[in-house]
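A, B, ... follow the sequence lines: proteins, then strands. Residue 1 opens every chain.
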Amino acid sequence: VHAVQIADPAWETTFPHRVAPRPEEWLAGVLLRSDEANGWDSGTTASFLFRETQTKNALSAEGFVIPSSFSLAPLAGWLAVSEDVLCRTTYLFELARLYDMPVAHTGLLSRDVLFHFCPVCVAESRMLRRTLTLPHLQSCLIHHVALSSRCECGNNLTVEQLVGSDGLSNTEYELFHMLASLSAGTRQKVFSLGRQPFTCHRCRRDWSTFPRPQADPKRIALEERILAWYEFFFSHGSRSLLARALQLIQQKIAERKVKSVKRLDGKSVLVNFPSPEKSSLARVVDILVSLDMCPADIEADDSPLLWRSIDWQTFYCPVLTCPYMKPRNLTAEPSGHQVGSFPSEDETTHAPGADS
Amino acid sequence: VQKVFLETAFEQRFQGILRHAWQNRSWHVIAALPGSGKSLGIHDLVLRSGAHKDITGTTLLPILAIRAPKNTRQEQALGVALSAAFGTVPTMQWQVRRTWLVKVMAQAKVECLIIDDAQDLALSHLALLKELTDNLTALPYQRQVGLCLVAATSGSIIPFKETFAGPEMLWRQFRRRMDTERPYCLVLGQTEEEVRHILTTFEDIYRKQFPDLQLRRWAKPIFTWLTHPALDPDATGRVTMDALTRFVISTLRHTYEQGATDVNETVLEMTAERMILRRDEVIAIDEVLHTPLPPTKEVG
């Protein structure tokens, strides 16, 4: 990646100040750094990209996890970097390879995207890592602090303010306390037009000054296992590997003679993966970690893959008077009720070359 | 087409004053005849100013040169032109852009502002220029910026001189910012001796196509023809680069068509006649021109 000289025609097609994606940086972070470097409001680059690509998405974090609904080519031009480099700020390529699809979409990773960030990463280098988009990760595994998603400026309602303290049982009080803590603070948006990048849209506090609570070591250990699974799938991933992982899950469940698994969020669920493409990676990783499995289990597994027929295979006899197989022409029949099947070993067919 | 920039005596004089403004952050109105090579001189200086956009977000644009917006008095037009000099910029409200411009000029370490075709500037544009430079000079940026209003002129008339002499506060402030020693400059065209040097350079440039080319020996008649009142209506007694280049290119084209390797008196006279006597002649076109045009070598 070179400097653009003024004699270069790219001078006119690039932004006044260029930024280049850094290793492991998330696309949204690149856009915010572009805004900041150019002195623009948060979301200006993202809005400009949407306008150029005629995308009607909302300026939310979801749209930038897997950018499948718009092209990154204009942004690549404005920054004078390759489009590939920009795609690598997401898991677009990795998911496409894992699910064997030409273009990946956010649903393959997860349907629920929560925007959060590490205040230390932001303070050090305005860094939003692409791992922030991975579900189940709530800590920065580099700085070992809990990720922030809310600013303290929000309504910090106490239980008393919320419902009054009279007449509450202990259980009710705990429940309301939990609700109050959940509602505390302003949920942060990745982009906020009219505000500086990397700041709270409500109180304008810089994200780098947000509290940095130390993450629980047990949680860190758990999230390292979660991340190891994601990295395993992203680095070695293929559809067959994913299918093998699903097969291993089924085997584990069968071994343990259970039908449900307690997931990372504590809820018990029935495990049923109809097919790899219908199983989001976040869910697969959730179950794998919940079953206390590690990538080495898959690497060590050499059992054949489970298989089942997609449809009945039907064979027809060309002899119209065949007593064993229903006489039909050889035209392929659409799925539905089929009439033919392999004859049993003692049956004779009229197939060419068969003894009669 | 090969573009060549000749560092002529005019360009040395012109770029000299631009460099002076750049180094001393001084303000000047610089005038020269149309076709002297002002725009090419500005372009050349900007190319060699070290402007670049780094990938780390650092952009350096020591000389911000733009052409004055045409046919509009709106200050936004000048703002958009200034923004475009930095590259692609998303659309933004004028009030936002106004503030942003100061910021981006400071960030890119702009040291000199050059407005080409400044004769097209409206009063509102001049007021905006003053506002921008004032804001750059003030806190938090504290950046002194040179300003060159480069204008085409006719004769010895210097644009803006009368405007800045006005009693209004804005013009008094403008005049106060002008350079003490050389506030208004008129850069003169090429003398006969300078024309001779240029012709020598042309010989070198076109040596491959015309091995026997001897242009410099025709310096005197060429200078005389090109200072004819038809080509020098202001009687400056100087030759513009545009006129000289046109003359040489036209002469060489006809020489080439004749299959000759050097110019001769007849071709030179014919060219002079076309440029001087038949300059405004209307030519009726009643046939399709089948001959392909020979490749043009642009020299400025």
Does a side-chain N-to-carboxylate-O contact under 4.0 Å join A/Glu152 and A/Arg202? no
Should the pair A/Arg195-A/Asp35 be classified as a salt bridge under the 4.0 Å nitrogen-to-oxygen rule? no
Relative to each other, are the rings of A/Phe198 and A/Trp207 parallel, tilted or perpendicular (30° and 60° limits)? perpendicular
Given that the side chain runs from C-beta out, which part of B/Val46 has a heavy atom under 4.5 Å from chain A: side chain, backbone, both or neither? both
Aromatic ring proximity B/Phe86/A/Trp11, centre distance under 6.0 Å: no
Residue part contacting chain A, namely of B/Ala85, when any heavy atom lies under 4.5 Å: backbone
Could you tell me which portion of A/Arg51 (side chain, backbone, both or neither) has an atom closer than 4.5 angstrom to a non-hydrogen atom of chain B? side chain
Counting only heavy atoms closer than 4.5 Å, note whether A/Glu12 contacts chain B via side chain, backbone, both or neither. backbone
Greatest number of heavy atom pairs closer than 4.5 Å to chain A - which of B/Val96, B/Leu47, B/Thr99: B/Leu47
Identify which one of A/Arg130, A/Arg33, A/Arg129 satisfies the salt bridge (charged side-chain N to carboxylate O under 4.0 Å, His left out) criterion when paired with A/Glu25. A/Arg33
